[in-house]
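The structure appears below as structure tokens.
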There are 2 protein chains.
Amino acid sequence: MGTTKTKDYSAQELSIAKYAKALSHPARVAILNVLLKRQSCICGAIVDELPLSQSTVSQHLKELKAAGLIKGDIDGVSVCYCIDEKEWTKAKNQLGLLLDRLTLPASKCC
Amino acid sequence: MGTTKTKDYSAQELSIAKYAKALSHPARVAILNVLLKRQSCICGAIVDELPLSQSTVSQHLKELKAAGLIKGDIDGVSVCYCIDEKEWTKAKNQLGLLLDRLTLPASKCC
DNA sequence: CAAATTCATCGTAATTTTACGATTAATATG
DNA sequence: CATATTAATCGTAAAATTACGATGAATTTG
């Protein structure tokens, strides 16, 4: 309990859930907003724009990285984060595929 | 702790997070797959297609309903669920707006 | 009306998530 | 080399999530 039975779902379902989970917290959406807007994406700069502590932001960055949506390049003492375009596109396509599937005149039952 | 500070985020960030959260579990994606595919969307039929107990499915349905993505019509003893087209479109647009924002030649920093 | 069906809700347990301060490792700067 | 700066990680606590069986409410059906 408290554990998801990943074994019983399709690759599509798991993939979509993974990307959606990355976007399921406003702080992570806010981080992505910063990365999409800015050139400089030094971790410290992100921390400055968010109402969260450095350690909490670092954790959110780790999750975004785990989902593949961002990557970080070490640059001396600091780390520069940015969108991973390839994976981002994949997320867009996967989510789009699901969300675009309501084209027909809709199910007749409700 | 354990609680998100919703006060400090924009409406866009909260809205996207809300929809993404609804899609952040493979069981809920699977439920939506069923609703998108089927005409008949009786709760019991959904339970039959998922590897989860009736009470667990009911809980997931509740969350999808809370996010606005689905609605349920009582029909005698059973309940017929279906996609809420209006809200679904909103989710699609909100998520699309974020995900489509990587059109430019990408940030130069990484 | 009794029995069956359908589904929501309750109670509970394990796990995960969210958040923060403190510490640590690594690099830069005086 | 001592000191600062940057960011990850650790430890911890509170809360939310996931899951299930049991119970309840509502509606059919016999």
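Residue numbers start from 1 in every chain, and the chains themselves are labelled A, B, ... in the order their sequence lines are given, proteins ahead of strands. Every heavy atom of this structure was used, including side-chain atoms; hydrogens, water molecules and symmetry mates were not.
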Where each residue is assigned the nucleotide of DNA chain C containing its nearest heavy atom, which of P51(A) and G76(A) is assigned the position nearer the 5′ end? P51(A)
H60(A) side chain N/O closer than 4.0 Å to the phosphate oxygens (OP1, OP2) of dA19(C)? yes
Atom of L61(A), atom of C43(A) and distance for their closest heavy-atom approach: CD1-SG, 3.8 Å
Would you say S53(B) reaches dC20(D)'s phosphate, i.e. side-chain N/O to OP1/OP2 under 4.0 Å? yes
Could you go through the side chain to side chain donor-acceptor pair (under 3.5 Å) check for N33(B) and Q12(A) one step at a time? CA-CA 10 Å; N33(B) 276 332; Q12(A) 180 244 15; 3.0 Å; yes
Would you mind reading off the distance between H25(B) atom NE2 and dT15(C) atom P, rounded to a whole angstrom? 15 Å
Taking all non-hydrogen atoms of both residues, which atom of A27(B) and which atom of L50(B) are closest, and how far apart? O-CD1, 4.0 Å
Can you sort out which residues in residues 14-23 of chain A have a heavy atom within less than 4.0 Å of DNA chain C? Ascending by number, please. K21(A)
With heavy atoms under 4.0 Å as the rule, sort E63(B) into base, sugar-phosphate or nothing. sugar-phosphate
Atom pair distance, as rounded to whole Å: CD in Q59(B) and P in dA16(D): 14 Å
Can you tell me the distance, in whole Å, between the CD1 atom of I74(B) and the C1' atom of dA25(D)? 11 Å
Heavy-atom closest contact (A67(A) atom, Y19(A) atom, distance): O-CE2, 3.6 Å
Give the rounded distance in Å between these two atoms: CG of L50(A) and C1' of dC20(C). 15 Å
How would you label the contact of L52(B) with the nucleic acid (heavy atoms, under 4.0 Å): base, sugar-phosphate, or nothing? sugar-phosphate
Can T56(B) and S53(B) be counted as having a side-chain donor-acceptor contact under 3.5 angstrom? yes
Taking the side chain from Q94(A) and the backbone from A91(A), do they hold a donor-acceptor pair closer than 3.5 Å? no
How does protein reach along nucleotides 2-8 of chain C, written 5' to 3' as B (base within reach of a heavy atom under 4.0 Å), S (only sugar-phosphate), or - (no contact)? ---BBBB
In whole angstroms, the gap separating P of dT18(D) from CG of D8(A) amounts to 16 Å
Partners of K18(A) by salt bridge (Lys or Arg N to Asp or Glu O under 4.0 Å), sequence neighbours excluded? E87(A)
For T4(A), which contact category applies under a 4.0 Å heavy-atom criterion: base, sugar-phosphate, or nothing? sugar-phosphate
Examine dT18(C): is either OP1 or OP2 under 4.0 Å from a nitrogen or oxygen in the side chain of T3(B)? Give yes or no. no
Report the C-alpha distance between L14(B) and V29(A) in whole Å, list the side-chain angles of each, state the deciding distance to 0.1 Å, and finish with yes or no for side chain to side chain contact (heavy atoms under 4.5 Å, CB included). CA-CA 8 Å; L14(B) 291 171; V29(A) 178; over 6 Å; no
Heavy-atom closest pair (T4(A) atom, P26(B) atom, distance to 0.1 Å) is CG2-CG, 3.9 Å
